[in-house]
Structures are given as structure tokens and as C-alpha cells.
Amino acid sequence: MSTTILAIESSCDDTSAAVYAHPMVLSNCVANQETHRLYGGVVPEVASREHQKNIIPVVDLALKKAGVDKEQIDAIAFTRGPGLIGSLLVGVSFAKAFALSRNIPMIEVNHMQAHVLAHFAQPPYPTFPFLCLTVSGGHTQIVLVRDHLDMEVIGQSLDDAAGEAFDKTGKIIGLDYPAGPIIDRYAQKGSAIFSFPEPQIAGLNFSFSGLKTSILYFLKKEIKKNAGFIEENLNDICASVQARIVSILMNKLKLAAEQTGIREIAIAGGVSANSGLRKALEQTGNQLGWNTFIPAFEFCTDNAAMIAVAGYYKFLQEEFVGQDIAPLARWQL
Ligand code: KG4
Ligand code: ZN
């Protein structure tokens, strides 16, 4: 059997463990933290405590599902950052203890690099060089990917991330956290009849904070005229918000493809689960002759399989770290 890697992801509010033996993801288990819904966002201290409760059961489950004994693990990969420091600490500490007890190497992984490498969790794989639009709750980036471990951010959000744009507008509309998937569900039943302005940002960078403000003012104005405006128009409001976020993302992605001449185009990160974005990528891809790549749903949102894949390529380079490693809240690609 090839190298077997155990991976841990704990950067935000999901605790995940995966077992990978190239080229197969043998298991990919995630414990979601439903408790944050009550607070309308992730509470860092609560997230950290939940990770502490979840980490051992999730690792046990991942090993069991993979049919692998912990004695068979050759290396442990973990998310070092970027993310919430208290959440990361749980994963990093677990990885250290596991590596020490088994005397195996430890591999640090950048969460954003791993989102891109989710494309190698299962075929079809994009060929290099490709562009990856990575859209999550914390980041929005266009990444030029030259090789598994050779990536350059060529565009990014100057303010909110795309996921935040979904979650914050959802909060304004009165939806639960995280609002992204909820907006997606309502949007599928509505039409984008309300128009919100597209920000005028030059180059490949994004801005989403203006959208939030324009939606807030639009709703305030409409609610003054009709107190039931949101309830009566929920599907169309969600479809309109989603259409604008998707058009902002797609316009920059088109520009990046034009500027680089690259036609291998991928999307990754939690927001790549969005049905409107997936459809827009397919349609634009057909029009412009792109080869498009969208990871399977379980590899879009935070998961340890992507950490394991990144860990595997770093294992090949023998990029190991020692017991003195500390998590990083911020870590540019
Ligand atoms: O990558 P991810 O799981 O975690 C981070 O690294 O942030 O992304 C989470 C983000 C949240 O903002 C969530 O609302 C958004 O992804 N998201 C979606 C959908 N599913 C998850 N946004 C829009 N449509 C979806 N279907
Ligand atoms: Zn993520």
C-alpha cells in the first residue's frame, strides 16, 4: 500500500479527519458545530471547546471507516492556518501528540492551498497551469496554480469574502447562520428581479461590502412601504442577492482567464457549493471553451480530505515540521 496519511482540519467550526492513501480518499469525516446558529455566527471560544469534544471521536471514525489501524499511518497532516487560533490549536495539539506517540512525521498545511488541492481528491484532475477561484467564508481569491505546491494569488477581496457576503446579507434578511446554503435554496425558487449595483473595482480584486449596504438600504425603503416585503418576496430577494454575488465572481474570473490565456478553470471553497455559481461556471465555460472543474460537494466545504491531499504532496517533498510548530491565524498563500 502507498503512503497512508491521516489529516486533521479544525480552522473554523467544523472538526474533520480524513485518511488518504494516494490516489484514494479512504475516509473523510466531519463533525459540524450546530451550536453557532444560536449566535448568528461562529463564536471562537465555543468553536474551540467543540473541537476538543469532537476531535478524538472524529479521528476514530475516520480510521474505522477507512479500515486502517493507527499503526498503519505514515504521517499526520494538519491545518496550521489561516483560521481561528483557538480552533487551530486543537488540531495542531492533536497532531503533535499523535506524531509523538507514533514517531511519524508531521506536515503543516495552509487551509487555502488545501481548498485548491481539493481538486485532486478524486478525478477528473485539472491540468497545470489552471486558475482556481477559491471562495469561502474567510477568503475570496483567484489563484494561478502552476503545480500542486506552486500557487500565486492574482486577485482577492479587498473587504468581505464571498461567503461573508452571503452570510451577512442573510443576517440582514433575517436568515440563520450560515446563510449561504439557505439563500441558495430560496434562490432556486425565485427570479433575480431586484438589481443591486456591481462594484467598480479595477483589475482582479473584488469588493463585497458595498453590496451589503445597498441591500440594507433597499430593504429598509421597501419595508417602510410594506412591512411584509421580505416574507412576500423572499425567493426573489435571495435570487437577486445570489445573482449579484455570482456575477461579481464570474466577471473577475473571466478577466483573469482573458489576461492569463488559461482555459482550465476551477472553483473551490464553501461557496463553490452554490448552485448559481456552479451553473454560471458551466454556462460561461461552454461559451468560452473552458475546461471547468468543480469538486464534489463534500470536498467544497471545510474537510480534512483536502488537507490530506496537500499533505501527500508535501510528504513527497519531505516538507516536515517539528514539535515547536504553532498555529497561524493569518497565513498568506
Ligand atoms: O470553505 P468553508 O466551508 O469554510 C471557510 O473556510 O470559511 O466556507 C464556508 C462558507 C460560508 O460562508 C457559507 O455560507 C458558504 O461557505 N456556503 C455557501 C453555500 N454553502 C456554503 N454559500 C452559498 N451557497 C451555498 N450553497
Ligand atoms: Zn475553508
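Order of listing sets the numbers, starting from 1, for every ligand and every atom in it.
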Practice item. Within a distance under 4.0 Å of any heavy atom of Gly180, pick out the atoms of ligand 1 and give their elements. Key: 14 (O), 18 (C), 19 (C), 22 (N), 23 (C), 24 (N), 25 (C)

Check your understanding: Under the 4.5 Å side-chain heavy-atom rule for ILVMFWY, direct or indirect, which residues accompany Leu328?
Key -> Trp331

Review point. Around the Zn ion (ligand 2), how many protein N, O or S atoms are there at under 2.8 Å?
Key: 3

Review point. Does atom CZ of Arg49 have more than 12 heavy-atom neighbours from other groups under 6.0 Å away?
Key: no

Review point. Closer than 4.0 angstrom: is that true for some heavy atom of His111 and an atom of ligand 1?
Key: yes

Revision key, fill the gap. re atom 2 (P) of ligand 1, the protein heavy-atom contact at minimum distance is Asp302 OD1, 3.3 Å

Exercise for review: Could you tell me whether the side chain of Lys70 and the main chain of Phe98 form a donor-acceptor pair under 3.5 Å?
Suggested key: no

Review point. Taking the six-membered ring for Trp, are the ring centroids of Phe315 and Tyr313 within less than 6.0 Å of each other?
Key: no

Point to revise | Heavy-atom nearest neighbour of atom 20 (N) of ligand 1 within options Ala114, Ala187, Gly270 | key: Gly270

**Study point:** Joint hydrophobic cluster, Leu277 plus Tyr186, side-chain heavy atoms closer than 4.5 Å
**Key:** yes

Review point. How about Phe120 and Phe128: are their ring centroids closer than 6.0 Å?
Key: yes

Exercise for review: Below 4.0 angstrom from a heavy atom of Gly138, which ligand 1 atoms are there? Numbered from 1 as shown, please.
Suggested key: 7 (O)

Point to revise | For Asp167, atoms of ligand 1 separated by under 4.0 Å from a heavy atom | key: 11 (C), 12 (O), 13 (C), 14 (O)

Review point. Between Tyr20 and Tyr312, does the ring centroid distance fall short of 6.0 Å?
Key: yes

Practice item. Return each pair, listed once, that meets side chain to side chain donor-acceptor pair (under 3.5 Å) where at least one residue sits in residues 103-127; pairs must be two or more places apart or across chains. Key: Glu9-His111, Ser11-His111, Arg80-Glu108, His111-His115, His111-Asp302, His115-Asp302, Thr127-Glu264

Review point. Counting only heavy atoms not in Lys212, do more than 12 sit closer than 6.0 Å to its NZ atom?
Key: yes

**Study point:** Chi angles and distances behind the side chain to side chain donor-acceptor pair (under 3.5 Å) call for Gln242, Asn274
**Key:** CA-CA 9 Å; Gln242 179 165 304; Asn274 183 265; 3.0 Å; yes

Review point. How far is atom 24 (N) of ligand 1 from its nearest protein heavy atom, and which residue and atom is that?
Key: Asn274 ND2, 2.9 Å

Practice item. Fit a plane to each ring of Phe229 and Phe218, take the angle between them on a 0 to 90° scale, and name the class: parallel (under 30°), tilted (30 to 60°) or perpendicular (over 60°). Key: perpendicular

Study note, to complete from the structure: Within 4.0 Å of some non-hydrogen atom of Gly163, the atoms of ligand 1 are 12 (O)

Check your understanding: Which residue from Gly137, Ser16, Gly83, Pro181 reaches closest to atom 10 (C) of ligand 1 through any of its heavy atoms?
Key -> Gly137

Review point. Less than 3.5 Å between some nitrogen or oxygen of Thr301 and one of ligand 1, yes or no?
Key: no

Point to revise | Under 4.0 Å to a heavy atom of Ala273 - the qualifying atoms of ligand 1, by number | key: 20 (N), 26 (N)

Revision key, fill the gap. Taking only non-hydrogen atoms of Pro178 and a 4.0 Å limit, the atoms of ligand 1 in range are 14 (O)

Review point. Hey, which atoms in ligand 1 end up nearer than 4.0 Å to a heavy atom of His115?
Key: 1 (O), 6 (O)

Review point. Crowded around Lys96 NZ? As in, over 12 foreign heavy atoms under 6.0 Å?
Key: yes

**Study point:** Protein contact of atom 15 (C) of ligand 1 - nearest heavy atom, named by residue and atom, plus distance
**Key:** Val271 CG2, 3.9 Å

Practice item. Run the numbers for me: atoms of ligand 1, each under 4.0 Å from some heavy atom of Asp184, listed by number. Key: 24 (N), 25 (C), 26 (N)

Practice item. Go through the structure and list residues passing side chain to side chain donor-acceptor pair (under 3.5 Å) with Asp13, not counting sequence neighbours. Key: none

